[in-house]
There are 2 protein chains.
Amino acid sequence: MAARMSDPLAPQSVGVDKLLLKLRVRDDVSALEEEVLRSIIEPPVAIASRSVVVKEGIPLERSALLVQGMLGRCKDMRDGQRQITEVHVPGDFADLHSFTLKRLDQDVVALNDCWISWVPHAALRAVTDTQPHLGRLLWLSTNLDAAIHRAWTVSLGRRDAPARLAHLLCELQVRLSVVGMADEDGYALPLTQVDLAECLGLTAVHVNRVLRQLREQGLATFRSGRVTIEDFKGLRRLAEFSTDYLFLDKRPR
Amino acid sequence: MAARMSDPLAPQSVGVDKLLLKLRVRDDVSALEEEVLRSIIEPPVAIASRSVVVKEGIPLERSALLVQGMLGRCKDMRDGQRQITEVHVPGDFADLHSFTLKRLDQDVVALNDCWISWVPHAALRAVTDTQPHLGRLLWLSTNLDAAIHRAWTVSLGRRDAPARLAHLLCELQVRLSVVGMADEDGYALPLTQVDLAECLGLTAVHVNRVLRQLREQGLATFRSGRVTIEDFKGLRRLAEFSTDYLFLDKRPR
DNA sequence: CGTACTATTGAGTCCGTTCAAACGGGGTGG
DNA sequence: CCACCCCGTTTGAACGGACTCAATAGTACG
């Protein structure tokens, strides 16, 4: 596994840092809570691109915090088709829901070379026992995933291919901004057109055509692993995108 | 509101009972925990068909437990299209995620005449403070919703219309069985073909054609508010349906 | 320097749509 | 009591967005 990683140096604590960035957009996290979080998160380990991080159905006793790279939740169909139901960015837990569910309904796979930190469920249980506010923040984090699922459901059900692709590009722009990994111009997106197709319920051939449309309309460009946003407002309008479902405001929980 | 309800008698405590059925499929609930749950759930109130129970974006301080009828989470698009992202059956919380998120990203609407019980967020916070195991069970309940969202995402992305419809009919059969509202023959489904279309990302016209297909293939019939399952195995095979994502096994959380 | 994966483009097909019309049942008001 | 209307359902015909099949480049890697 991980014969040759793009970045051979293990990022030391950036995983927790990005998680904290994500949580602090939504609520205050005290110094004590930060300390507790840091204490339960194991050192990052390298994951090779395309490997299965967590297999569907296996009993689990830990959850994965993504430190670097991108993970996807994938469902494979009998006929070889595949649907990705969420793309994870650094600072996300890829399978925090397994803390209550104890196994996954879908695989978690590495979309490129990644670093992840494991967090034992026993430690999470202790958090819910002794740090109820922090526990609610972790609960919140799984509810954000669910909100993203709902947004994708709406996209798949009611948006045509260009709007669907534009919506995904907008979502990633905002989510990566929260953890400091996007600027106004765009962001690194280490996916193939096949991956995008598997997120969007389309074929790779059609994703290619739709990418060309967005490019020719001066909205966005995706080339060699980088998304360049040329006209965010236009992209947003095309996708009927709103940040509401990402809950970027701070309220006491 | 609620000028004339199909059942004028308020169901007294069946809401909690169905919630307990649902939770006890997944984990043990102690007598004390049951008592705590009963104590925080308000008496049922009637909700008229088609009314908006919770509006997107409004600050919330309580969540709705569905006692009778069916609720849907709906997203309306600019052009008048609508996508339903989840259908709720009795025993479900329709918006328990608002406990951590404090507002909704989508409306909750009554698909027919309903009874719901409100649960104050203050009481839920007390549960997470003093009954951590019960708190984890409520967290579990929102994670089940997320698993259902993912299954719908897969349906919308990768199944054709007949398989998609069959999958929804299978899912409701199982979820209603858990709360004692379905038998092997089928179940009451108080939705219109328009509602089904809004769940499935299809048009009502096409839902009608696909329903005819399922009927002519001897798989299932939907008429006058009732689904009759003629061949569950066939339906299941067509939909590539598995109960895995509904987490029907009991494990300690 | 072959091999495999990714991206790109064209041509033809099909599933689900749009547009349109008709039917049926239940409630309402003249 | 009947006429009317509304809503949900049903069916037909034509359209179109996304797919399939196919072929070609480009690129990374062993």
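Throughout, a chain's letter reflects where its sequence line sits, starting with A, and its residues are numbered from 1. Because the structure is a prediction, the values reported are computed rather than measured.
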- Query: Are Asp231(A) and Arg215(A) close enough for a salt bridge, meaning some N to O gap below 4.0 Å?
  - Reply: no
- Query: Is Arg209(B) side chain donor-acceptor paired with the dG12(D) base, going by distance under 3.5 Å alone?
  - Reply: yes
- Message: Please tell me if Thr203(B) has a side-chain N or O lying less than 4.0 Å from either OP1 or OP2 of dT17(C).
- Response: yes
- Message: Less than 4.0 angstrom between a side-chain N/O of Asn208(B) and OP1 or OP2 of dT9(D), yes or no?
- Response: no
- In whole angstrom, give the distance that lies between atom CD of Gln213(A) and atom C1' of dA7(C). 17 Å
- Run the salt-bridge test on Arg226(B) and Asp183(B) with the 4.0 Å N-O cut-off and return the result as yes or no. yes
- Message: Assuming nearest nucleotide by heavy-atom distance, tell me which of Arg50(A) and Val207(B) is located more 5' along DNA chain C.
- Response: Arg50(A)
- Item | First of Arg159(B) and Arg215(A) reached from the 5' end of DNA chain C, by closest nucleotide | Arg215(A)
- Salt bridge check: are Lys75(A) and Glu56(A) linked by an N-O gap of less than 4.0 Å? yes
- Message: Parallel, tilted or perpendicular, judged at 30° and 60°: which one describes the rings of Tyr245(A) and His167(A)?
- Response: parallel
- Indicate, with a heavy-atom threshold strictly under 4.0 Å, whether Gly201(B) touches base, sugar-phosphate, or nothing. sugar-phosphate
- Message: Less than 4.0 angstrom between a side-chain N/O of Arg212(B) and OP1 or OP2 of dT11(D), yes or no?
- Response: yes
- Does Gln193(B) make a side-chain N or O approach to OP1 or OP2 of dT10(D) shorter than 4.0 Å? yes
- Note on the structure: Taking for Val205(A) and for Asp160(A) the nucleotide of DNA chain D with the nearest heavy atom, the one nearer the 5' end belongs to Asp160(A)
- Message: Rounding to an integer number of Å, can you tell me how far Asp195(A) CG sits from dT6(C) P?
- Response: 8 Å
- Message: How many whole angstroms separate atom CG of Asp79(B) from atom P of dT17(C)?
- Response: 13 Å
